[in-house]
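Each remark here refers to the structure printed beneath this line.
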Amino acid sequence: MINITFPDNSIKGFENIPTGMDVAISISEGFARNCVAMKINGQLFDLNQDIKKDTAISFITANDEEGLDILRHSSAHVMAEAVLNIYPDAKLTIGPVVEDGFYYDIDMDPISTDDLGAIEAEMKKIINAKNRFERKVVSKEQALEIFKDNPFKLELINELDETEEISLYRNGNFIDLCRGPHIPHTGMIKGFKLLKISGAYWRADQKREQLQRLYGISFFDKKKLNKYLHLIEEAKKRDHRKLGTRLDLYSFHDEAAGMPFFHARGMEIWNALLEYWRDEHRKAGYVETKTPVMLNRKLWEQSGHWENYRENMYTSMIDDEEYAIKPMNCPGGMLLYKTKAYSYRDLPVRAGEVGLVHRHELSGALSGLFRVRAFHQDDAHIFMTSDQIEDEVLGVLNLSQRIYSRFGLDFHLELSTRPKKSIGSDEQWEEATNGLKAALDKYGRKYFINEGDGAFYGPKIDIHIKDALGRTWQCGTVQLDMALPERFDLSYKGQDNEKHRPIMIHRVIYGSLERFFGILVEHFAGRFPLWMAPVQAILLPINQDLAGYAEKIKAELDTHRIRCEVDKRSETLKKKIRDAQLVYVPLIITIGDKEKETRTLSVRTLDGKVRMGLSMDEFVTSVSNHVKERILDDTIL
RNA sequence: GCCAAUGUAGCUCAGGUGGCAGAGCAGCUCACUCGUAAUGAGCAGGUCUACGGUUCGAAUCCGUACAUUGGCUCCA
């Protein structure tokens, strides 16, 4: 008799030794069909596994995150099997689950995306066969024998801990070395798609074999797959590199790889972003500073960048002295701090700087505005006493929230703690980390902890924003820096008339203005809220005779700082409206004889609605208010 | 930096196997003067990323460089 305890503490007895599946079926057939694996003592097992003694179990179903991971892992096996069926000489290496699907690294001749269709068709066959996944435990000798033709698997087997069980999984004719668990049978993969191929190295080591990495995604139901594919399509449509060209915002040139050129319209958005930033920072008690772009090597040696970051820095010889273009603003900020003597009464000092920094990123890492070599950081350095840490960090979190929510961006927080390689004493780290934790607790939002992921000079909080498509981006960061104040011998006079070392926070909210800009383009899909829109209103005279009158209206709107243009082309009204809509001008104003006679405006918004007979005053007032309040919602009138 | 793919007009893209470079949009000109998502006709626009090579002949084949894209790696 085997007694199984369920999560609700109910107990069920079984005459014979049951498998996990037997237990699931005893609950109900329908439930069993939805089950993927089971969990015993926090460990995952296959459903086909026998339960030999009394125990508590819980089931992982298709609705659980863990269930989806198992499905995708199994999908990787199916893909590998399909590849082997088509390319018998291919050698498998590893096939894990990643955040967005799964992949398998395979040693084979390069293939192209055109070949994916054939692999998918082969996978389809395997899935339709509903092959069961069977687990088998073997000795190391047996494993070495089975995989004798595969040097990668041999390497893995030889590295396994002696105490560890070596398990194989078989489905159909396919056998793979694998810890498991797997779904009961391949038929559970209801929706899958192979997405892309790329090169990867065995063990991520450039000196080792170059492998083909095949990426795929799978779901328990086809609808979810379609939803996912739709999301990818949507993201492609919003691609900031394409929209940037179409909306005439920025461009890239071979003459300066990774260094964006901002066009007039892009600059309108840029300036709107910065103005907003300045407003909020002024309110939050920051001052703004500016430091040079190029500084003497000696400074970088003092800051430690020369030692740690040199390969990413651009340098230049000037009058026999070596200079480096700043990859970060902080050393300049240190010099600024040192220009005067501080009292504890002066602290905290919150010094912002929107600094242009250059980092020589690897050529292969560049990507639109998301990864560039020249960018502006909305930096700020806060110098404070140790008992101000909590309040200051909390202040940064609140400011970040205020700014992100202005764009309709949600976010989550991650705390990174002391890494293995670090400077500073245990007490310093504890004080710093506790300060961050206290601020996080007071802030009250849930946060994740990345143990050992902090910078060598201090712990940090990273802020990850979530855009309209649900994608997350790390933008903001709040880092405590215990290195620089030391290296630059910063101090302030305490109440005790003694010199003290200030604590320093290093923080950004947009992160990189360029990158944040790119994220916003995709977040808004090019339809910026009125306060950011490069052209807020376009005037469309319905015939050439009215062009002069339209110019007069524009001049008047100019005085109210409403960004507007006149489309004087000899095109039909329909055509002009279409063109304006295609570049998302929020307010389209048609000027006809009626409007001229009554001195009113007819305004069309992007939703296609038209408001006729608006007086100039009404229009200016509501637009100005909308802009001044930086309202996200695009119901303007 | 590594692997792979790509690079043709301002933009988006056609141009099997080598034989005088094409379209749509945008632009310009003319006609039309229009009431809420594309009026029509015409014109102009390219050393086919760059530099080498093969060939009687190269956008096309080969090599190198540069750039872009997807990954890898990197992002103290």
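Throughout, a chain's letter reflects where its sequence line sits, starting with A, and its residues are numbered from 1.
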query: Expressed as a whole number of Å, how far does the C1' atom of B:U68 sit from that of B:A50?
result: 15 Å
- request: May I have the distance from A:R578 (atom CZ) to B:U39 (atom C1'), rounded to whole angstrom?
  value: 14 Å
- prompt: B:G22 and B:G16: how far apart are their P atoms, nearest whole angstrom?
  reply: 13 Å
Partner nucleotide, any strand, of B:G63 [Watson-Crick/G-U, under 3.5 Å]: B:C51
query: Between the base of B:A76 and the side chain of A:H305, is there a donor-acceptor distance below 3.5 Å?
result: yes
message: Does A:G368 reach a base, just sugar-phosphate, or nothing at all? Heavy atoms under 4.0 Å.
response: sugar-phosphate
query: If pairing requires Watson-Crick or G-U wobble contacts with both distances under 3.5 Å, which nucleotide is the partner of B:A4?
result: B:U69
Counterpart base for B:C56, defined by Watson-Crick or G-U wobble contacts under 3.5 Å: B:G19
Close N or O pairs between protein and nucleotides 29-33 of chain B (under 3.5 Å):
from, atom 1, to, atom 2, distance (Å)
B:C32, N3, A:S570, OG, 3.2
B:C32, N4, A:S570, OG, 2.6
B:U33, O2, A:Q544, N, 3.0

message: Can you check the distance between B:U54 and B:A4, where both ends of the measurement are the C1' atom (answer in whole Å)?
response: 26 Å
- prompt: With a non-hydrogen cut-off below 4.0 angstrom, is A:R569 in contact with a base, only sugar-phosphate, or nothing?
  reply: sugar-phosphate
message: Once you apply a heavy-atom cut-off of 4.0 Å, does A:E571 come out as touching a base, just sugar-phosphate, or nothing?
response: base
task: Indicate, with a heavy-atom threshold strictly under 4.0 Å, whether A:N312 touches base, sugar-phosphate, or nothing.
output: nothing
statement: Taken to the nearest whole Å, CG/A:L211 to P/B:A4 is 13 Å
field: Check: A:R371 side chain, B:C74 base, donor-acceptor under 3.5 Å
entry: yes
- prompt: What distance, rounded to whole Å, do you find between the two C1' atoms, one in B:G24 and one in B:C62?
  reply: 34 Å
- prompt: At under 4.0 Å between heavy atoms, what does A:K576 touch on the DNA or RNA strands: base, sugar-phosphate, or nothing?
  reply: nothing
Nearest-angstrom distance, P atom, B:A5 to B:A23: 31 Å
- request: Check the angle between the aromatic planes of A:H506 and A:H381 and answer parallel, tilted or perpendicular using the 30° and 60° thresholds.
  value: tilted
- prompt: Checking side-chain hydrogen bond (donor to acceptor under 3.5 Å, both in side chains) for the pair A:H412/A:E414: CA distance, chi angles, key distance, verdict?
  reply: CA-CA 7 Å; A:H412 77 265; A:E414 298 186 7; 2.9 Å; yes
message: Using the rule given for side-chain hydrogen bond (donor to acceptor under 3.5 Å, both in side chains), can you reason through A:S602 versus A:E595, listing the C-alpha separation, both sets of side-chain angles and the distance that settles it, and then say yes or no?
response: CA-CA 7 Å; A:S602 294; A:E595 285 76 17; 2.6 Å; yes
- request: State whether A:R487 and A:E301 are salt-bridged, where the test is any N-O pair (Lys NZ or Arg NE/NH1/NH2 against Asp/Glu carboxylate O) under 4.0 Å.
  value: no
query: Which whole-number value in Å describes the distance from A:L540 CG to B:A38 P?
result: 13 Å
Residue mapping more 5' on RNA chain B - nearest nucleotide basis, A:A256 or A:E311: A:A256
- prompt: To the side chain of A:L582, which of B:U73, B:G35, B:A37 is closest?
  reply: B:A37
task: Report the nucleotide, chosen from B:A67, B:U36, B:G70, that has the shortest atom-to-atom distance to any side-chain atom of A:R241.
output: B:G70
query: A:L214 CG to B:G70 C1': how many Å, rounded?
result: 13 Å
- prompt: Think A:T245 has a side-chain N or O under 4.0 angstrom from the OP1 or OP2 of B:C11?
  reply: no
Gap in Å between the two P atoms, one belonging to B:U8 and one to B:C3, rounded: 23 Å
- prompt: So what does A:G511 touch, heavy atoms closer than 4.0 Å: a base, only the sugar-phosphate, or nothing?
  reply: nothing
field: Under 3.5 Å: donor-acceptor pair, side chain of A:K460, backbone of A:L415
entry: no
- prompt: Please give, in whole Å, the distance from B:G10 C1' to A:H263 NE2?
  reply: 11 Å
task: Kindly say whether, by distance alone, the side chain of A:T590 makes a donor-acceptor pair under 3.5 Å with the base of B:U36?
output: yes
message: Looking at A:K338, I'd like to know if its NZ atom is crowded, meaning that more than 12 non-hydrogen atoms belonging to other residues, nucleotides or ligands lie closer than 6.0 Å.
response: yes
message: Looking at B:U73, I'd like to know if its phosphate oxygens (OP1 or OP2) sit under 4.0 Å from a side-chain N or O belonging to A:R203.
response: no
- request: Return the value, rounded to whole Å, for the distance between atom CE of A:M313 and atom P of B:C74.
  value: 21 Å
Whole-Å distance separating the OH atom of A:Y103 from the P atom of B:C3: 19 Å
field: Separation of atom CD in A:E361 from atom P in B:G1, rounded to whole Å
entry: 12 Å
OP1 or OP2 of B:C72 under 4.0 Å from side-chain N/O of A:Y215: yes
query: What residue among A:V83, A:I86, A:L211 forms side-chain contact (heavy atoms from CB on, under 4.5 Å) with A:M108?
result: A:V83
- prompt: With sugar-phosphate meaning primed atoms plus P, OP1 and OP2, does A:A257 contact a base, only sugar-phosphate, or nothing at under 4.0 Å between heavy atoms?
  reply: sugar-phosphate
query: Does a salt bridge link A:R203 with A:E155, judged by any charged N lying under 4.0 Å from a carboxylate O?
result: yes
message: When the C1' atoms of B:G7 and B:U49 are compared, how many Å lie between them, rounded to an integer?
response: 6 Å
- line: A:K575 has its side chain closest, among B:G1, B:G70, B:A26, to B:A26
- prompt: Given that both distances must come in under 3.5 Å, which nucleotide forms a Watson-Crick or G-U wobble pair with B:G45?
  reply: none
task: Could you tell me how the ring of A:H253 sits relative to the ring of A:F261: parallel (under 30°), tilted (30 to 60°) or perpendicular (over 60°)?
output: perpendicular
query: Does one side chain, of A:S512 or A:H376, offer a donor that lies under 3.5 Å from an acceptor on the other?
result: no
task: Measure the acute angle between the ring planes of A:H360 and A:Y314, then classify it against the limits of 30° and 60° as parallel, tilted or perpendicular.
output: perpendicular
query: Any N or O donor-acceptor pair linking the side chain of A:E595 to the base of B:G35 at under 3.5 Å?
result: yes
First encountered from the 5' end of RNA chain B, between A:I588 and A:M328: A:I588
message: For a quick check of understanding: with a heavy-atom distance under 4.0 Å over all strands, which category does A:R604 fall into, base, sugar-phosphate or nothing?
response: base
task: Using the P atom as the reference point in each nucleotide, state the distance between B:G40 and B:A58 in Å, no decimals.
output: 41 Å
